[in-house]
Amino acid sequence: MILQWGNGWNYRKGNSVLSLVCVVKRAIGEYPDKKTLFRPSVEYPEYLFRGDISKEENPVYDMVREGLAMLGLDAENIGQPCWNPFGGTVEPGNTVLIKPNLVLHENKSGGGVDCLYTNPSLVAAVVDYVCIALKGRGKIVIGDAPLQECNFKTLINQAGYKILIDFYRKKGIEIELADFRNIKTYEKGGLHYLQEEQGSQGIVVNLGENSAFADVSPERMRNLRITNYDPRILQRHHHGKTHEYNISKYVLDADVIINMPKPKTHRKAGVTISLKNLVGINANKEFLPHHTAGSKAEGGDAYLHTSSLLEMANQTLDIKNELVQEGEFVLASQAEAFYNNLMAAGRERVDELFWEGSWYGNDTIWRTILDLNRILLYADKNGTVMDTRQRKIFIVGDMIVSGEKEGPLEPSPVYPGAIVLGDDPLKFDQAVCSLMGFDFRDIPTLNNTELVKPDHPISDFSEPEIISNEVLWDRKSLDEIREHASLKFQPSFGWLPKLGSRYRDDLYRRIRENGNTVCIFGAGLNGVYAAKELQSQGIQVAAFCDNNPELWGKEILGSIRCIQLGDAVKDMPFIIAARDQAAVEIQKQIEAVSGRVFGIINK
C-alpha cells in the first residue's frame, strides 16, 4: 500500500523499511539547550508526557518525528494519539538498548564536542517513541564503551545525558545509562595508567570460523595490533580458529538495538557510521584488532614503505606496551621516548606518510567491525552464535553537526543539519558515505563479500532507496548524490589519496578561475604542506603571510618568501594554512584588509 505524506512524497506502509534510508534536512547547525530537557516544542497527539513542553524551538525532535513518518511506520495512525512508529520493532516487555557514539569527552582538535559524540537531543526523541512502543512494560538502556581514557562522568554531565535519564526516572520509566567498559585509564606522557577496573561486564563470544579473520595466516595473526595495548593479550583472543570479543551483557540481553551513530571521517576505517559504531559494544579494547604490524610489502598494514628503523620502532612499541601492562612505568617511559625517535627517523628516511594503520591501506579494522556486527545480529543472550538473527535493529544517525578530517578523536565540525534513519546498516552507511561525498566502493567495510556471507549475512548488495525532504537527494542514486549533491566532507589525511576531496577539487577549480595564483596565510608546516598540494595542481604560490615577524622576509619553500599581510596583493585569493580552530580569526584578519579567503588547506 502507498502512503501519501507531507509534500507529496509516496512512501511505503508498514514497520519494516528494508532498503529505505530517510534523510531529513533543515537549515540548522546547533542543538537544543540541555536545560530544556530536550522536550518537544509542540505537544504532538502521540506525545506521552503531557505538559512537559519546551518553550524553545526543538527542530531536532521535529526532524526525528518527521523521519519516522516519512518511512511510513504505522502509517495508518500518523497524526493520531495512538501513533506507534516503533510498534513493529519494539514490543511491550522488551529490553531496548540505545547505542549512541560516546567516544570521548573532549575533542583534541579544538573543534568542540558537537561533532564528536551523539547529541542527547536525538536520543530523547527516540526514547519517547520507544516508551510509546513499550506501553509501560520493558526496560531501556542507553550505553556505550567509550575510549578507555574517556571521562564518562564529564561527558554525560556536559552533554546532558544525566539530566535526560533523571527526567525519565521521575516519570517512572525503567531506564539506565551504562558505561560498558571493564577498564578505564588515563594518559600521561604517552603511557596509559589504570584508573578503574570494574571486573567483567561482558561475555566472551568466539566467532571461530565465522570471523572475518578466519582466512588470515598464522604469521599475520601474530602481528595483529592495537596501538598502546599489550599485543600478548590480543593474541590470546585471536589465534588459530579462535576469534573472541568481550561483548557487553547489556548488548546481549537486548531484544532491540537502536544504533545512533555520529557520522564522521575515520583515520583507520575511512568513515565511522553505523557499522563502525558497534565497536562500542565490546567491553575490553584488548580484544579488538585495529591494524597489522609491518609495511604492506611485509604483509602488514601499519604503514606503506619497508624500513628497518620502522620495524625497530614497532618492536619497541610492543616492549613499551608490555612494560605498561606489567606496571614498569619508568622503563616504559624510556621505551616510549626511544620508540618516538625511531619512528620519526624511520618515517623521514623513507618519506613515510602513514602510521599505525591510519590510512587507506588498512586491511584489519574492517574485519573487526564486521565481526562485531555479526555478533550483534546472531549471538544469543549467552554469547552463542546462532543461525538466525537474535535481535531487531533500527538506526538513527546524528548529522546535525558531523565531523570531517581527523576523526574519530580529533574531528573538525561540518554542519549538514541532517538526521538519517533506516534499519539496514550497510545501506544506511552507503547512503551516508555518498552524502559525505565518498565512493563507498573505496571503503572495505562497506564493499566486502564478508557482508553477504550466506550463513550469517549482515546485508545484501542491493542499492538503498533514499528518500528525503531535500529534493537534491530524494530518490537519487548513490552516485548521483556523490557526484552532484554531496556535502563535500574532507577525509582524514591518510585516506585523502584514496577518497579524494570534493572540497579540494572545488577549491582548486575556483582558484584557477581567479588567476591561478594564491597567497598562503601560515608559513609553518601546514603552509609548506598547502603550498606543495597547490603546486601539484599547477597552482602558483606567490607568497606566504604569517603573524610571526621573525618569518618576514625569509624563504619558506624554494624562493617563496614570507611577507606581512599588509604587503600582500589584496585581490589575490588567500588560502589559510592553519589548524581549523585558528582559521576563523585568521579569516577575519584577512577580510579586515579587504582580502578574499577562498578556503583552508591543512594537514
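In this structure, P120 and I163 have side chains that are not in contact, with every pair of non-hydrogen atoms separated by 4.5 Å or more. Side-chain contact between V271 and K264: absent, with no pair of heavy atoms (C-beta onward) separated by less than 4.5 Å. Side-chain contact between K262 and L116 is absent, with no heavy atoms from C-beta onward closer than 4.5 Å. Annotation: side chain of N157 is in contact with side chain of K162 (closest heavy-atom distance under 4.5 Å). Counting heavy atoms from C-beta on, the side chains of L409 and V103 come closer than 4.5 Å. Between P416 and I400 there is no side-chain heavy-atom pair separated by less than 4.5 Å. The shortest distance between side-chain heavy atoms of Y378 and N210 does not fall below 4.5 Å. Using a 4.5 Å cut-off on side-chain heavy atoms (C-beta onward), L20 and I467 make contact.
Results of the side chain to side chain contact (heavy atoms under 4.5 Å, CB included) test with L288 over T364, D371, L372, L234 single out L372 as the only residue that passes. For the side chain to side chain contact (heavy atoms under 4.5 Å, CB included) with M436, the qualifying choice from S486, P263, S402 is P263, the only one to do so.
Looking at E244, its side chain never comes within 3.5 Å of a backbone N or O of T242 through a donor-acceptor pair. Under a 3.5 Å cut-off, the side chain of K99 and the backbone N or O of M260 do not form any donor-acceptor pair. No donor-acceptor pair under 3.5 Å is formed between the side chain of D62 and the backbone N or O of V64. In this structure, the side chain of D460 engages the main chain of S462 through a donor-acceptor pair within 3.5 Å. Remark: the backbone N or O of F38 is not paired with any side-chain donor or acceptor of S121 at under 3.5 angstrom. No donor-acceptor pair under 3.5 Å is formed between the side chain of R39 and the backbone N or O of S54. Under the 3.5 Å distance criterion, the side-chain polar atoms of N101 are left unmatched by any main-chain donor or acceptor of T118. Using a distance-only test at 3.5 Å, with no hydrogens or angles considered, no donor-acceptor pair links the side chain of N282 to the main chain of I247. Under a 3.5 Å cut-off, the side chain of H456 and the backbone N or O of M386 do form a donor-acceptor pair. Side-chain atoms of S211 do not come within 3.5 Å of backbone N or O of G208 as any donor-acceptor pair.
The neighbour count for K381 NZ, taken as heavy atoms of other residues, nucleotides or ligands under 6.0 Å away, is above 12. By the 6.0 Å contact criterion, NZ on K171 is enclosed, its count of non-hydrogen atoms from other residues, nucleotides or ligands being greater than 12. The 12-atom threshold is exceeded at CD of E463, counting heavy atoms of other residues, nucleotides or ligands nearer than 6.0 Å.
Judged by distance alone, the side chains of Y415 and E30 never bring a donor and an acceptor atom under 3.5 Å apart. Defined by atom type and a distance below 3.5 Å, a donor-acceptor pair is present between the side-chain atoms of Y61 and D128. With no hydrogens or angles considered, a side-chain donor-acceptor pair links K268 and S358 at under 3.5 Å. Side chains of N284 and Y245: a donor-acceptor N/O pair is absent below 3.5 angstrom, by distance only. Between the side chains of S109 and N107, at least one donor-acceptor pair of N or O atoms lies under 3.5 Å. Between the side chains of D74 and N84, no donor-acceptor pair of N or O atoms lies under 3.5 Å.
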Decide yes or no on side-chain hydrogen bond (donor to acceptor under 3.5 Å, both in side chains) for D424 and S459, but give the supporting numbers first.
CA-CA 7 Å; D424 183 296; S459 183; 2.9 Å; yes
For N277 and N259, what are the C-alpha separation, side-chain angles and deciding distance, and is it a side-chain hydrogen bond (donor to acceptor under 3.5 Å, both in side chains)?
CA-CA 8 Å; N277 193 37; N259 187 348; 2.6 Å; yes
Is there a side-chain hydrogen bond (donor to acceptor under 3.5 Å, both in side chains) between E176 and Y250? Walk through the geometry before answering.
CA-CA 10 Å; E176 182 175 354; Y250 288 105; 2.4 Å; yes
Stepwise, does the side-chain hydrogen bond (donor to acceptor under 3.5 Å, both in side chains) test hold for S434 with K476?
CA-CA 11 Å; S434 298; K476 300 297 190 297; over 6 Å; no
What verdict does the side chain to side chain contact (heavy atoms under 4.5 Å, CB included) test give for D429 and K427, after you've listed the backbone C-alpha separation in whole Å, the side-chain angles of each residue and the deciding distance to 0.1 Å?
CA-CA 5 Å; D429 286 15; K427 292 174 174 53; over 6 Å; no
Does L37 form a side chain to side chain contact (heavy atoms under 4.5 Å, CB included) with L164? I'd like the steps, not just the answer.
CA-CA 6 Å; L37 301 175; L164 180 64; 5.8 Å; no
Worked verdict on E46 versus Q80 for side chain to side chain contact (heavy atoms under 4.5 Å, CB included):
CA-CA 6 Å; E46 72 278 2; Q80 302 298 317; over 6 Å; no
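Looking at K153 and D179, no side-chain N of the basic residue comes within less than 4.0 Å of a carboxylate O on the acidic one, giving no salt bridge. At a threshold of 4.0 Å, the pair R26-E66 counts as salt-bridged, since one of the basic side-chain nitrogens sits closer than that to a carboxylate oxygen. Using a 4.0 Å cut-off between charged nitrogen and carboxylate oxygen, D166 and K170 do not count as a salt-bridge pair. Under 4.0 Å is where a charged nitrogen must lie from a carboxylate oxygen, and between R181 and D144 no such pair does. A salt bridge links E43 to R50: at least one charged side-chain nitrogen sits closer than 4.0 Å to a carboxylate oxygen.
Qualifying salt bridge (charged side-chain N to carboxylate O under 4.0 Å, His left out) partners for K25, counting only residues two or more places apart in sequence or in other chains: none. Looking at residues two or more places apart in sequence or on another chain, you find a side-chain contact (heavy atoms from CB on, under 4.5 Å) between K392 and T89, E91, V256. Legend: residues meeting salt bridge (charged side-chain N to carboxylate O under 4.0 Å, His left out) with R374, ordered by chain and number and at least two apart, are E450.
Atom CD of E465 is separated from atom CZ of R475 by 4.5 Å, given to the nearest 0.5 angstrom. In this structure, CG in L97 is found 4.0 Å from CD1 in I257, a value given to the nearest 0.5 Å. Here the OG1-CG distance, from T368 to N373, works out to 11.5 Å after rounding to the nearest 0.5 Å. Atom CG of D474 and atom CD1 of I481 lie 9.0 Å apart (nearest 0.5 Å). Between the CD atom in E410 and the CG atom in L104 there is a gap of 9.5 Å [rounded to 0.5 Å]. To the nearest 0.5 Å, atom CG of residue L421 and atom CG of residue L68 are 5.5 Å apart.
For R65 and Y44, the positive end sits near the middle of the six-membered ring, less than 6.0 Å away and at most 45° from its axis.
Ring pair Y129/F86 is perpendicular by interplanar angle, where above 60° counts as perpendicular and below 30° as parallel.
Closest of all the heavy-atom pairs between W366 and P444 is CD1-CB, 3.6 Å. The two residues H290 and N362 make their nearest non-hydrogen contact at O-ND2, 3.0 Å.
Aromatic ring centres of F213 and H238: separated by under 6.0 Å.
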